[in-house]
Amino acid sequence: MSFADARRLPMVKASVWRALMAVGMKFHHFAQPKPPRPSFKTVIPSRLSPRGGTFKLVFYVPDSYHEAPEGYRYPVVVNFHGGGFTLGTGTDDARWASTVVNQVDAVLVSVEYRLAPEYPFSVGVEDGTDAVIYLASHAEELRLDPNRMALSGFSAGGNFAFTVPLMLHDLQNDVRKRTLSEPTNLKKTISRPHSSNSNKKGGSGHDLQRPNGGSTLELPRPTLTTTKSSTSSIFKLTDLEPTALEIRQEVPDLQLRAIVSFYPPTDFRQTREEKRATNPSPEKNLPLMLTDLFDKSYMRPLETIDFTDPYLSPAAASDTLLQEAYPEDIILYTCEYDMLNAEGIAFGERLSSPEIGKKVHGGLVKESVHAFDKKPNPIHFPASADRCYAEACAELKRVFGGRSSFEERRQLDKSKTVDRFEDHD
């Protein structure tokens, strides 16, 4: 095999697995109740990655979003989908989005970060950090509260939920490991779900696009309007007004209130063989061919990868960095029959230690496999997954200033035995 063929092979394999995962997610979304369609999407620029480019944000908003009083700001959960850094889309976690929107009354923004092997480490982390910065910079227009932000993620996305705050912290403190740059040759795009009303006055069925080379300082302030159809609420947004991010490349003020992470990889200093050996039911591990694809796609070229880089392995970060970069509340779930369980438990216990002092909620979900909430079952969504989502949202509601009972924050116990971090404090 030639060198060129060897480099193309992961891309071919990734394309095949992406198609298979797309089919599986269609079955997953068939189950009742069906998850919602996105409220709207937008394309934003990459400022942190040396490769430049753009990527998509997928918004899910409460029904009250368009009729909210002037000045009202919604808490926002920025989500990262799973798929081994190689597979998946911004709509994979639509069920989680629905729970957040309906139970927390928050906006969920799913980041469609760019995938490996086309975009290996650390592009995904950079895209995630760019997304948080963009949303905080444009919080006023988007009706978001930058002081009530949370991050969530599943599997590889759970890794981003832990690594994005580290990159954000470094930017806020001018560590210079990454710097914001001004994008070039950019088109701002807002896309909306198609509906029968899409051709009425005030909107069209096409993306709204405006070239944006450099600092375009004469953009109009945005207007928010909606039309109703039988399928969705249609959101129309003019170009957003430039902020200090666009004009001076400044990091905006924001506050992360919580991190929610489901079955994440946290320590790539360990080999896959070592991780696999920790599963008491090794036959339930993800297939070797799949994890090999993930690792060879994301960590390439391998000889350039520093496995102790906290942007890759958050468990490799110092106690001081974790204490300063992470919010007080961490919501972490691991799965008993998962090769990532041991490192996730170790990380959660470390975060709750006196040296770091975080409040870690969630815990080890007994007799569960990796991605237990993403089964391609078109008949029903697992009750355990539904309750896991609901209790995580009860924690988010509390963190954002609302009320939730102890029973609501422990409702997964009705379906599964959970060895909770809080019970070991």
Could you give me the CA-CA distance, side-chain angles and deciding distance for Glu349 and Ile345, then say whether side chain to side chain contact (heavy atoms under 4.5 Å, CB included) is met? CA-CA 6 Å; Glu349 291 176 345; Ile345 291 294; 3.6 Å; yes

Does a donor on one side chain sit under 3.5 Å from an acceptor on the other, for [X] and [Y]?
{"X": "Ser152", "Y": "Trp96", "value": "yes"}
{"X": "Gln323", "Y": "Thr320", "value": "no"}
{"X": "Tyr119", "Y": "Asp127", "value": "no"}
{"X": "Ser155", "Y": "His370", "value": "yes"}
{"X": "Tyr263", "Y": "Asp373", "value": "yes"}

For the residue pair [X] and [Y], categorise the inter-ring angle as parallel (less than 30°), tilted (30 to 60°) or perpendicular (more than 60°).
{"X": "His138", "Y": "Tyr134", "answer": "tilted"}
{"X": "Tyr298", "Y": "Phe85", "answer": "parallel"}
{"X": "Tyr389", "Y": "Phe381", "answer": "tilted"}
{"X": "Tyr65", "Y": "Tyr74", "answer": "tilted"}

Counting only N and O atoms by type, is there a donor-acceptor contact under 3.5 Å from the side chain of [X] to the main-chain atoms of [Y]?
{"X": "Lys416", "Y": "Glu367", "result": "yes"}
{"X": "Gln411", "Y": "Glu408", "result": "yes"}
{"X": "Arg398", "Y": "Ser405", "result": "no"}
{"X": "Ser64", "Y": "Pro62", "result": "no"}
{"X": "Arg47", "Y": "Gln249", "result": "no"}
{"X": "Ser313", "Y": "Pro310", "result": "no"}
{"X": "Asn279", "Y": "Arg276", "result": "no"}
{"X": "Glu250", "Y": "Ala244", "result": "no"}
{"X": "Ser415", "Y": "Leu412", "result": "no"}
{"X": "Asp145", "Y": "Arg73", "result": "no"}

Cation over ring, Lys358 on Tyr326, under 6.0 Å and within 45°? no

Are any of the side-chain nitrogens in [X] or [Y] under 4.0 Å away from the carboxylate oxygens of its partner?
{"X": "Glu395", "Y": "Arg420", "answer": "no"}
{"X": "Asp174", "Y": "Arg176", "answer": "yes"}
{"X": "Arg350", "Y": "Asp319", "answer": "yes"}
{"X": "Lys374", "Y": "Asp93", "answer": "yes"}

Give the minimum heavy-atom separation between [X] and [Y], together with the two atoms involved.
{"X": "Glu126", "Y": "Arg178", "value": "OE2-NE, 2.8 Å"}
{"X": "Leu286", "Y": "Met339", "value": "N-CE, 3.8 Å"}
{"X": "Thr278", "Y": "Lys275", "value": "OG1-O, 2.6 Å"}
{"X": "Asn159", "Y": "Pro314", "value": "ND2-CD, 3.7 Å"}
{"X": "Phe55", "Y": "Pro45", "value": "CE2-O, 4.0 Å"}
{"X": "Ser49", "Y": "Val123", "value": "OG-CG2, 3.9 Å"}

When the ring centroid of Phe40 is compared with that of Phe59, is the distance short of 6.0 Å?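 When the ring centroids of Phe40 and Phe59 are compared, they turn out to be within the sub-6.0 Å range.
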
[X], [atom1]: over 12 other non-hydrogen atoms inside 6.0 angstrom:
{"X": "Asp419", "atom1": "CG", "answer": "yes"}
{"X": "Lys26", "atom1": "NZ", "answer": "no"}
{"X": "Phe27", "atom1": "CZ", "answer": "no"}

If you define the side chain from C-beta out and look only at heavy atoms, does anything of [X] sit under 4.5 Å from [Y]?
{"X": "Val109", "Y": "Val58", "result": "no"}
{"X": "Leu115", "Y": "His81", "result": "yes"}
{"X": "Asn285", "Y": "Thr291", "result": "no"}

Rounded to the nearest 0.5 Å, what separation is found between the [atom1] atom of [X] and the [atom2] atom of [Y]?
{"X": "Phe294", "Y": "Lys13", "atom1": "CZ", "atom2": "NZ", "result": "12.5 Å"}
{"X": "Leu351", "Y": "Phe347", "atom1": "CG", "atom2": "CZ", "result": "4.5 Å"}
{"X": "Trp17", "Y": "Leu290", "atom1": "CH2", "atom2": "CG", "result": "5.0 Å"}
{"X": "Thr129", "Y": "His169", "atom1": "OG1", "atom2": "NE2", "result": "13.0 Å"}
{"X": "Ser110", "Y": "Lys56", "atom1": "OG", "atom2": "NZ", "result": "11.0 Å"}
{"X": "Ile331", "Y": "Phe262", "atom1": "CD1", "atom2": "CZ", "result": "8.0 Å"}

Decide yes or no on salt bridge (Lys or Arg N to Asp or Glu O under 4.0 Å) for Asp423 and Arg410, but give the supporting numbers first. CA-CA 12 Å; Asp423 295 341; Arg410 292 291 183 106; 3.5 Å; yes

Stepwise side chain to side chain contact (heavy atoms under 4.5 Å, CB included) test for Asn79 and Phe154: CA-CA 8 Å; Asn79 183 70; Phe154 296 78; 3.6 Å; yes

Go through the structure and list residues passing salt bridge (Lys or Arg N to Asp or Glu O under 4.0 Å) with Arg257, not counting sequence neighbours.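 Counting only residues at least two positions away or on another chain, Arg257 forms no salt bridge (Lys or Arg N to Asp or Glu O under 4.0 Å).
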
Is there a side chain to side chain contact (heavy atoms under 4.5 Å, CB included) between Arg409 and His361 once you walk through the steps? CA-CA 9 Å; Arg409 299 194 300 272; His361 315 279; over 6 Å; no

Run the side chain to side chain contact (heavy atoms under 4.5 Å, CB included) check on Leu321 and Asp170 step by step: do they pass? CA-CA 9 Å; Leu321 177 57; Asp170 288 346; 4.2 Å; yes

Check step by step if side chain to side chain donor-acceptor pair (under 3.5 Å) holds for Thr99 and Gln103. CA-CA 6 Å; Thr99 310; Gln103 296 193 19; 5.1 Å; no

